[in-house]
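One structure is given here, and the rest of the page talks about it.
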Amino acid sequence: MNEIICRAGALYAGYGGKAVVKNVSLEAAEGQVVALVGPNGAGKSTLLKTLIGQLPVIAGEVSLCGQDIKRIGEKEIARLCAAVLTEKPSPELMTCAEVAEAGRYPYTGRLGLLRKEDREKAEEAMRLTGTWELWDRPFRQVSDGQRQMVLLSRALCQEPRLLVLDEPTSFLDIRHKLDFLLLLRSLARERRLAIILSLHELDLAQKFSDRVVCLKEGAVDRAGEPEEIFAGHYIEELYDVRSGSYDSRFGSVEPLKTGREPKVFVIGGGGSGISLYRKLYRSGIPFAAGILPENDMDMPVAEALAERVFSSPSFESIKPGAVDEAITCLAACERLYCCRESFGEQDRENRRLLDWAEKRKIPVVFYSSIQK
């Protein structure tokens, strides 16, 4: 069984003796990535600062490697855990190397003098984070993504058992987000670090964490593996989503439907209709979509954006009777968009929809033949 590196039990924490975090319990074991998610003001940053001793425990307990944090000195805490928080340092004259080397001060004497070993640790950390070429560069002159990697180098120089990060990917582009989180996963696995981080990007929390703790109004609302948390409509409840929907299958958000009767009908399928669904929505044109198999690639976006969706059971031919309702809707539309270039045997009833529209002089636009 993996060692529990950090444990909080019935924890109350906050500022000036007033609790912001209430009755929170969680654990992080070696080799594990724990993601904190929840709406703004839920207490994620307060909790993280308390776990590393930056804020006092009002009630309950926090332990690091089995030791009560109240009984551990600051220097020992700095050896057990390291943090990359949202308050970014802005050293005026420090190089990236000097920022990274600052992580070695828990291991220096009273004068804070770095040894050869300390500089070697800094070099090792910067090579690991891909920032070695920034060694002599002024910290203030590198990009946000590079700064974040340098700060991670500083944290790794502390040789911690626990690594805590507060919204570490918020200001990174997609490449640096992936690089950063892949490195964290590698560190957890290969160096047996326990990692606790807060994330606003739910899709990343779903993909990169071993366990997710959901905070709401300063308390744990739910905790479990990503497969448990990102199921059904729980995320919409957690964030009180009212102006759209969250698709836990793909980690994506979709806006609210127009709520009006469809003006156009779209025959899509196999992913062919997705770009048109989004284009129609952006243009404020309410539409209907069909007839789609229930497991079709188009279905999640169609369900989110279309005013009406006509579907059929997966892996079955569309039943002739299922077309009648779609035809009724199509008859009230101003035009038909067809995104299909061909129709298979199981899809022949969609061909029937297209033929019906052409016979009744409903304008037909073959979307595959125009610029998408």
*Step by step, work out the side chain to side chain donor-acceptor pair (under 3.5 Å) result for Ser45 and Asp166.*
CA-CA 6 Å; Ser45 296; Asp166 192 8; 2.6 Å; yes
*Salt-bridged, Arg161 to Glu30, with N to O below 4.0 Å?*
yes
*asked:* Are Phe265 and Tyr337 an aromatic pair, judged by ring center distance below 6.0 Å?
replied: no
*Taking C-beta and beyond as the side chain, do Pro255 and Ser243 meet within less than 4.5 Å on heavy atoms?*
no
*Any ring-ring contact (aromatic ring centres under 6.0 Å, His included) involving residues 220-248? Give me the pairs, sequence neighbours left out, ordered by first then second residue.*
none
*Mark yes or no: Arg340 above the aromatic ring of Phe343, with NZ or CZ under 6.0 Å from the six-membered ring centre and no more than 45 degrees from the axis.*
yes
*Do the non-hydrogen side-chain atoms of Lys263 and Phe287 ever get within less than 4.5 Å of each other?*
no
*Could you name each residue pair satisfying salt bridge (Lys or Arg N to Asp or Glu O under 4.0 Å) that touches residues 177-195, not counting sequence neighbours?*
Glu124-Arg191, Arg175-Asp179, Lys177-Glu201, Arg185-Asp210
_Interatomic spacing from CD1 in Ile235 to OG in Ser248 - rounded to 0.5 Å_ = 8.0 Å
*Electrostatic pair Glu159:Lys121 at N-O distance under 4.0 angstrom*: yes
*If you measure from the Lys or Arg side-chain nitrogens to the Asp or Glu carboxylate oxygens, is any gap between Lys257 and Glu307 under 4.0 Å?*
no
_Any side-chain heavy-atom pair of Leu178 and Phe208 under 4.5 Å_ = yes
*Flag the pair Val364 / Arg335 as yes when at least one side-chain heavy-atom distance between them is below 4.5 Å, and no otherwise.*
no
*Which atom pair, heavy atoms only, marks the closest approach of Ser311 to Met299?*
CB-CE, 3.6 Å
*Is there side-chain contact between Phe180 and Thr129, with at least one heavy-atom pair below 4.5 Å?*
no
*Do Leu162 and Leu80 come close enough that some side-chain heavy atom pair is under 4.5 Å?*
no
*If you measure from OG1 on Thr169 to CG on Leu197, what distance do you get to the nearest 0.5 Å?*
7.5 Å
_Val57: which of Val62, Leu51, Val21 passes side chain to side chain contact (heavy atoms under 4.5 Å, CB included)_ = Val62
*Does a side-chain N-to-carboxylate-O contact under 4.0 Å join Glu237 and Lys216?*
no
*First locate atom CD1 of Ile229, then atom CG of Leu202, and finally report the distance between them rounded to the nearest 0.5 Å.*
11.0 Å
*Taking atom NZ of Lys22 as the centre, does the number of heavy atoms from other residues, nucleotides or ligands within less than 6.0 Å exceed 12?*
no
*Of the non-hydrogen atoms in Gln146 and Leu134, which two are nearest, and what is the gap between them?*
CB-CD1, 3.7 Å
*Less than 4.5 Å apart, any side-chain heavy atom of Phe139 and any of Leu93?*
no
*asked:* Rounded to the nearest 0.5 Å, what separates atom OG in Ser272 from atom CG in Asp298?
replied: 5.0 Å
*May I ask you to check if Arg278 and Tyr281 form a cation-pi contact, with NZ or CZ under 6.0 angstrom from the six-membered ring centre and within 45° of the axis?*
no
*For Glu261, does the CD atom sit with more than 12 other heavy atoms under 6.0 Å from it, leaving out its own atoms?*
no
*Using the test side chain to side chain donor-acceptor pair (under 3.5 Å), find all partners of Asp296 that sit at least two apart in sequence or belong to another chain.*
none
*Can you name the closest pair of heavy atoms from Ala205 and Val212 and give their distance?*
O-CG2, 4.3 Å
*Give a yes or no on whether Glu61 atom CD has more than 12 heavy-atom contacts from other residues, nucleotides or ligands under 6.0 Å away.*
yes
*Start with the C-alpha distance between His176 and Gln148, add both sets of side-chain angles, then the distance that settles side chain to side chain donor-acceptor pair (under 3.5 Å), and finish with yes or no.*
CA-CA 9 Å; His176 287 97; Gln148 198 73 333; over 6 Å; no
*asked:* Are the side chains of Thr95 and Val99 in contact, using a 4.5 Å heavy-atom criterion?
replied: no
*asked:* Please determine whether a side-chain nitrogen of the Lys or Arg among Asp118 and Lys116 lies less than 4.0 Å from a carboxylate oxygen of the Asp or Glu.
replied: no
_Quick check for you: to the nearest 0.5 Å, what is the distance between Ser312 atom OG and Leu292 atom CG?_
8.0 Å
